[in-house]
K.L.:
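I have a structure I would like to understand better, so I am pasting it below and will then ask my questions one at a time.
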Amino acid sequence: MDDFEKLIKGNKDLFDEYTADKSKIWQNIESNLDSPTKTIWLWRKSPLLKIAASILILIGAFTVINLFTTSVFHHNNQNNIVHQELRDIDTYYKDLVSFQVKLVKNNPKLHIEDKEKFLSFMDELDEEYEVLKLEMNKNLNNEYILEAIVNNYKKRIELIENLLKQINDSKKLNDNESYIL
Amino acid sequence: METNILYTHKDLVEKSKAGDRNSQYKLYELYVDAMYNISMRMLGIKEDAEDVVQDSFVDAFKNLNFFRYESTFGSWLKRIVINKSINHLKLKRIPVTSLDQHNYHISNEIESNEPIVASININKIKKGIKTLPNGYRQIITLYLIEGYDHIEIAEILGITISTSKSQYHRAKKKLVEIVNTL
């Protein structure tokens with residue numbers, strides 16, 4: 001490095017001869033910057049806040065999970081109770097119907113034709129019942145389906161009762177006949 | 001000790017990173033004159049220098065999260081100003097290196113032909129630099145005043161290191177000639 005270079009390098013400050021229009025330039029800078037962000041990273045400032053933030057996050061996460069599992073459990077529990085009640089009703093009517101169907105089937109006084117007619121009608125009601133049961137599994141709260149299931153059972157019982165009444169009537173008639181005789 | 005220099009104005013820089021406008025203004029106030037002078041030396045036109053300084057600060061504040069104290073904030077900002085000034089010259093189609101540049105000059109040969117400065121005077125040198133052609137003025141400024149070495153200048157101007165060296169010696173020769181005539 002020669003004296004010429006040394007002189008310039010040693011007096012760099014003297015080359016700063018201009019003064020900026022600070023306010024004008026800043027105004028332009030500020031207008032180009034976004035509004036100041038309000039994000040404050042509190043946990044960077046203190047380890048205590050960091051711990052507190054972690055605990056809060058954990059509590060929050062636990063509460064959310066707890067709420068979720070409780071509601072799911074509660075919902076499932078409620079569903080289970082309703083299902084159980086419906087199963088009980090279903091079993092009661094099923095047993096009642098099958099007992100009466102057996103009575104019809106085993107009744108020697110009924111014509112085969114009448115029996116077949118009755119049983120085919122019962123089969124139709126059975127099919128309808130299966131469809132309704134599937135619908136009910138999809139939506140337990142659908143009142144129309146529940147009502148339709150009850151009506152299905154009512155029809156079957158009514159059908160059986162009518163048939164049994166017919167049998168009894170014919171029996172009575174026959175008995176009376178014998179008395180007459 | 002060097003580590004401490006790198007962390008100059010760390011508090012202001014960190015607050016500015018978080019978007020604190022007061023800290024950004026304090027940093028601006030500390031560096032604006034230096035940056036304006038750099039840009040003025042590179043461009044020579046007040047309005048152009050103001051535009052470059054303004055853009056440089058905006059870029060610096062927007063990208064402050066990328067500043068990792070690998071250099072001082074001042075050097076980081078200075079490099080932004082230099083790069084923007086060079087880009088500005090390129091946009092205006094002003095050559096950043098002199099047109100009569102040649103890569104085949106041997107630096108020793110050039111040094112042996114250097115004229116001797118008759119009388120050394122800073123004011124004359126200042127005037128001389130201002131009258132230099134653009135390409136010469138930039139390389140003299142970058143090397144002698146801004147303190148970059150030829151590797152850095154080559155990177156800034158997008159030229160080879162040998163071109164930077166030969167260009168500098170030619171520029172210096174020209175400057176000495178001008179100063180001697182003043």
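Reminder, nothing fancy here: chain letters follow the sequence lines and each chain counts from 1.
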K.L.:
Can you name the closest pair of heavy atoms from B/Leu144 and A/Lys12 and give their distance?
P.N.:
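Heavy atoms only, the tightest pair is O-CE, 3.6 Å.
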
K.L.:
Above 12 or not: heavy atoms from other molecules or residues under 6.0 Å from OH of B/Tyr69?
P.N.:
yes

K.L.:
Spell out, yes or no, whether A/Tyr153 and A/Phe121 are grouped together once hydrophobic residues are joined by side-chain heavy atoms under 4.5 Å, including indirect joins.
P.N.:
yes

K.L.:
Roughly how far apart are B/Gln54 CD and A/Asp21 CG, rounded to 0.5 Å?
P.N.:
11.5 Å

K.L.:
Using heavy-atom distances under 4.5 Å, tell me whether A/Asp13 contacts chain B through its side chain, its backbone, both, or neither.
P.N.:
neither

K.L.:
Who wins among A/Asn32, A/Asp16, A/Ile8 for the most heavy-atom pairs under 4.5 Å with chain B?
P.N.:
A/Asp16

K.L.:
Could you measure the distance from the OH atom of B/Tyr28 to the CD atom of A/Glu30? Nearest 0.5 Å is fine.
P.N.:
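The CD atom of A/Glu30 is 10.5 Å from OH of B/Tyr28, to the nearest 0.5 Å.
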
K.L.:
Would one find more than 12 heavy atoms of other residues, nucleotides or ligands at under 6.0 Å from atom NZ of B/Lys126?
P.N.:
yes

K.L.:
For atom NZ of B/Lys78, decide whether the heavy atoms of other residues, nucleotides or ligands shown that lie under 6.0 angstrom number more than 12.
P.N.:
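Above 12, so yes.
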
K.L.:
Are side-chain heavy atoms of B/Ile122 and A/Phe15 found at a separation under 4.5 Å?
P.N.:
yes

K.L.:
Report the distance from atom CD of B/Glu29 to atom CH2 of A/Trp26, rounding to the nearest 0.5 Å.
P.N.:
9.5 Å

K.L.:
Using heavy-atom distances under 4.5 Å, tell me whether B/Ile129 contacts chain A through its side chain, its backbone, both, or neither.
P.N.:
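Answer is side chain: those atoms of B/Ile129 sit under 4.5 Å from chain A.
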
K.L.:
Decide if atom CD of A/Gln27 counts as having more than 12 heavy atoms of other residues, nucleotides or ligands within a radius under 6.0 Å.
P.N.:
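It does not: A/Gln27 CD has 12 such atoms or fewer within range.
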
K.L.:
Can you measure from CD1 (A/Ile29) to CZ (B/Phe61) and round to the nearest 0.5 angstrom?
P.N.:
6.5 Å

K.L.:
Above 12 or not: heavy atoms from other molecules or residues under 6.0 Å from NZ of A/Lys154?
P.N.:
no

K.L.:
Any link between B/Ile161 and B/Leu157 through a network of hydrophobic side chains (Ile, Leu, Val, Met, Phe, Trp, Tyr) touching at under 4.5 Å?
P.N.:
no

K.L.:
Using the salt bridge (charged side-chain N to carboxylate O under 4.0 Å, His left out) definition, which of the options B/Arg41, B/Lys130, B/Lys127 pairs with A/Glu17?
P.N.:
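Of the listed residues B/Arg41, B/Lys130, B/Lys127, the salt bridge (charged side-chain N to carboxylate O under 4.0 Å, His left out) partner of A/Glu17 is B/Lys130.
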
K.L.:
Taking all non-hydrogen atoms of both residues, which atom of A/Ala20 and which atom of B/Asp33 are closest, and how far apart?
P.N.:
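Residues A/Ala20 and B/Asp33, closest heavy atoms: N-OD1, 2.9 Å.
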
K.L.:
Can you hop from B/Leu6 to B/Leu30 via hydrophobic side chains spaced under 4.5 Å?
P.N.:
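Yes; tracing contacts between hydrophobic side chains, which count when under 4.5 Å, links both residues.
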
K.L.:
Name the option with the most non-hydrogen atom pairs under 4.5 Å to chain A; the candidates are B/Thr141, B/Asn123, B/Ile145.
P.N.:
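Going by pairs under 4.5 Å, I would pick B/Ile145.
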
K.L.:
Do B/Ile125 and A/Phe4 have side chains that get closer than 4.5 Å, going by heavy atoms?
P.N.:
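In contact.
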
K.L.:
Same hydrophobic cluster for A/Leu14 and B/Ile140, using side-chain heavy-atom links shorter than 4.5 Å among ILVMFWY?
P.N.:
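Yes, one cluster joins them.
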
